[in-house]
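Below is one structure, written out as C-alpha cells, with a few remarks after it.
Because only heavy atoms are used, hydrogens play no part in the values below, and waters and symmetry mates are left out as well, while side chains stay in.
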Amino acid sequence: MKTLFQEIKASIKNNADQDRSFWRPVLPWGGVFTIKAGRKAVSCMPLYVEITLKNTCTIDGFLMLLYVILRENNTFPRELSLYLGREFVDCFLHLMDTYSFTSVKLLWIWDKMEKRQYKSGIHKATLEIDLFGNEHENFTRNLEHLMATIQESYCSNSRCPLRAQENHMQTILINPPHDIPDGDLIQMAVDGLFCSRIEVCEEIGCGCLREFSQRIFCHGAPPFVILNMEQWKSEDLAYVPYYLDLSDHK
C-alpha cells in the first residue's frame, strides 16, 4: 500500500494540470472517531462512544503542509523533533502515511493545543470537539517556541527613559508596506522586521535616534517558518518569491 505522500507525488506527476483528481492541499473536513471498547469495559457505562470533529478547517491546511514538509526533506523530522518531540513526529507521520486523518487531528488537538483553544461537549453519547477560531489561534500559536524572535534597540540619548529595549515576538507578523513600491513586497516586509535600522526614538520627551539590531531567532533558525500576513490583501500576494532572505538565512 502506498503512503499518502507517495500518492500525492504520483498524482501530481501523472495527471494533467486540469485533472489532478486526487491531490488536495488540505485534509478532509471534520472527522468521526469510533471508540472500540475491550471486553473489560463491557460492564462500564461510557460517557461517549464516538468523537466528532467540527470546523477543522483551522488546522486541516497546516497539518497537510506540515506533512509534506516533513516528507519532502529527510532532515526535517530530526530537526523538528527538537521542537515538537520525537514521539509526536513519528506518530504524526505514521498516521498521515496511513490516511488516518481523524486520528492525526486528535493527536494535534490533545498533544499540542490547550483546552481553551476549542469547545467540547457530550451530546447523545458523542463527544463533539469544535475547532472554532482561525489558523493562527489553532495552529501557529502552538509553534510559538519555533517562531520566537528578539530584537534589541539602544537610544543615543543618555537621558532616554527607556534607553535599552528588547522586543520579543512569538510569531512572525509582517505588515504590507504603506506605500506600494515596485519589487518583492514580501521580502521588503520581512526586511523591515528583521534587518537592523535607525529610527527616531518614540519615547516621550526623547526624539533622539534609536538603533535597532538585527532580529534573531531565540532558539536558533527553525527548519521552516510561518509568516502571519493577516493584514495583506489577496492582490498583494500575486507574487510569492521562491527564495526568501530571513535574517542570515535563505
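- The 12-atom threshold is exceeded at NE2 of H145, counting heavy atoms of other residues, nucleotides or ligands nearer than 6.0 Å.
- Distance check, rounded to the nearest 0.5 Å: CD of Q214 to CD of E152 gives 12.0 Å.
- Atom NZ of K115 has more than 12 heavy atoms from other residues, nucleotides or ligands within 6.0 Å.
- When only modelled atom types and interatomic distance are considered, Q151 and Q165 share no side-chain donor-acceptor pair under 3.5 Å.
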L93 vs L70, test: side chain to side chain contact (heavy atoms under 4.5 Å, CB included). Steps then yes/no. CA-CA 8 Å; L93 289 174; L70 286 167; 3.8 Å; yes
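- Between the OG atom of S153 and the CD1 atom of I198 there is a distance of 12.0 Å, given to the nearest 0.5 Å.
- Remark: side-chain polar atoms of T3 are not paired, donor with acceptor, to backbone N or O of D97 under 3.5 angstrom.
- Taking the centre of each ring, F62 and W108 stay at or above the 6.0 Å mark.
- Transitive grouping of hydrophobic side chains (ILVMFWY, heavy atoms separated by less than 4.5 Å) brings L65 and L244 into a common cluster.
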Given ring pair (Phe, Tyr, Trp, His ring centres under 6.0 Å), test F194 with F217 step by step and report yes or no. CA-CA 10 Å; F194 275 84; F217 288 98; 5.7 Å; yes
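- With a 4.5 Å cut-off on side-chain heavy atoms, L4 and F101 count as touching.
- The two residues T58 and L131 come nearest to each other via the heavy atoms OG1-O, 3.2 Å.
- Using a 4.5 Å cut-off on side-chain heavy atoms (C-beta onward), P176 and Q231 make contact.
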Applying side chain to side chain contact (heavy atoms under 4.5 Å, CB included), run through D130 and S120 and close with a yes or a no. CA-CA 6 Å; D130 188 349; S120 63; over 6 Å; no
T126 vs I51, side chain to side chain contact (heavy atoms under 4.5 Å, CB included): CA-CA, chis, key distance, verdict: CA-CA 6 Å; T126 297; I51 302 174; over 6 Å; no
Check step by step if side chain to side chain contact (heavy atoms under 4.5 Å, CB included) holds for F92 and L84. CA-CA 10 Å; F92 172 81; L84 302 179; over 6 Å; no
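- A donor-acceptor contact shorter than 3.5 Å is absent between the side chain of S100 and the backbone of S103.
- The CG atom of L193 lies 6.0 Å from the OG1 atom of T149; values are rounded to the nearest 0.5 Å.
- In this structure, W232 CH2 and N175 CG are separated by 8.5 Å, a value rounded to the nearest 0.5 Å.
- Within a 6.0 Å sphere centred on OH of Y154, heavy atoms belonging to other residues, nucleotides or ligands number 12 at most.
- Inspection of the Y118 and N55 side chains reveals no N or O donor paired with an N or O acceptor under 3.5 Å.
- Checking side-chain atoms of Q117 against main-chain N and O of E137 turns up a donor-acceptor pair under 3.5 Å.
- The distance from atom CG of L173 to atom CE of M169, rounded to the nearest 0.5 Å, is 5.0 Å.
- Using modelled atom types and a 3.5 Å distance limit, the side chains of H168 and E166 yield a donor-acceptor pair.
- Here the side chains of H136 and N228 are in contact, with some heavy-atom distance below 4.5 Å.
- Between D60 and P28 the shortest heavy-atom distance is OD2-O, 3.8 Å.
- By the criterion of side-chain heavy atoms lying less than 4.5 angstrom apart, applied directly or through intervening Ile, Leu, Val, Met, Phe, Trp or Tyr residues, L82 is grouped together with V89 in one hydrophobic cluster.
- Around CD of E199, the count of heavy atoms belonging to other residues, nucleotides or ligands within 6.0 Å exceeds 12.
- For the pair F5/E72, a side-chain contact is recorded, criterion being any heavy-atom separation below 4.5 Å from C-beta on.
- None of L53, N138, V104, N142 except one satisfies the side chain to side chain contact (heavy atoms under 4.5 Å, CB included) rule with I59; the exception is N138.
- In this structure, the side chains of L27 and M96 come closer than 4.5 Å at one or more pairs of heavy atoms.
- Because its NZ or CZ atom is both nearer than 6.0 Å to the ring centre of F212 and within 45° of the ring axis, R197 counts as a cation-pi partner of that residue.
- Between K105 and L63, some side-chain heavy-atom pair lies under the 4.5 Å cut-off.
- By the rule that hydrophobic residues join a cluster once side-chain heavy atoms approach within less than 4.5 Å of another member, W29 and Y67 end up as members of separate clusters.
- Proximity of P161 to I204: side-chain heavy atoms (C-beta onward) are nowhere separated by under 4.5 Å.
- A donor-acceptor pair is defined here as one N or O able to donate and one able to accept, closer than 3.5 Å; no such pair exists between the side chain of T52 and the backbone of E128.
- Cluster annotation: I109 and V32 are assigned to distinct hydrophobic clusters (Ile/Leu/Val/Met/Phe/Trp/Tyr, side-chain heavy-atom contacts under 4.5 Å, transitive).
- The environment of E211 atom CD is sparse: at most 12 non-hydrogen atoms of other residues, nucleotides or ligands sit within 6.0 angstrom.
- Placement of I216 and I174 in two distinct hydrophobic clusters is found when ILVMFWY residues are connected by side-chain heavy-atom separations under 4.5 Å, directly or transitively.
- Note: I150 CD1 to S213 OG = 8.0 Å, rounded to the nearest 0.5 Å.
- Put simply, the side chain of C155 reaches to within 4.5 Å of the side chain of C206, judged on heavy atoms.
- When every heavy atom of I122 is checked against every heavy atom of A125, the shortest pair comes out as CG2-N, 4.4 Å.
- Looking only at atom types and distance, the side chain of N167 has a donor-acceptor partner in the side chain of R215 under 3.5 Å away.
- The two residues S156 and R163 come nearest to each other via the heavy atoms O-NH2, 3.7 Å.
- Residue-environment remark: NZ (K112) exceeds the threshold of 12 foreign heavy atoms within 6.0 Å.
- Contact detail for M147 and I172: the closest heavy-atom pair is O-CG1, 4.1 Å.
- Considering all non-hydrogen atoms of both residues, Y83 and G220 come closest at OH-O, 3.7 Å.
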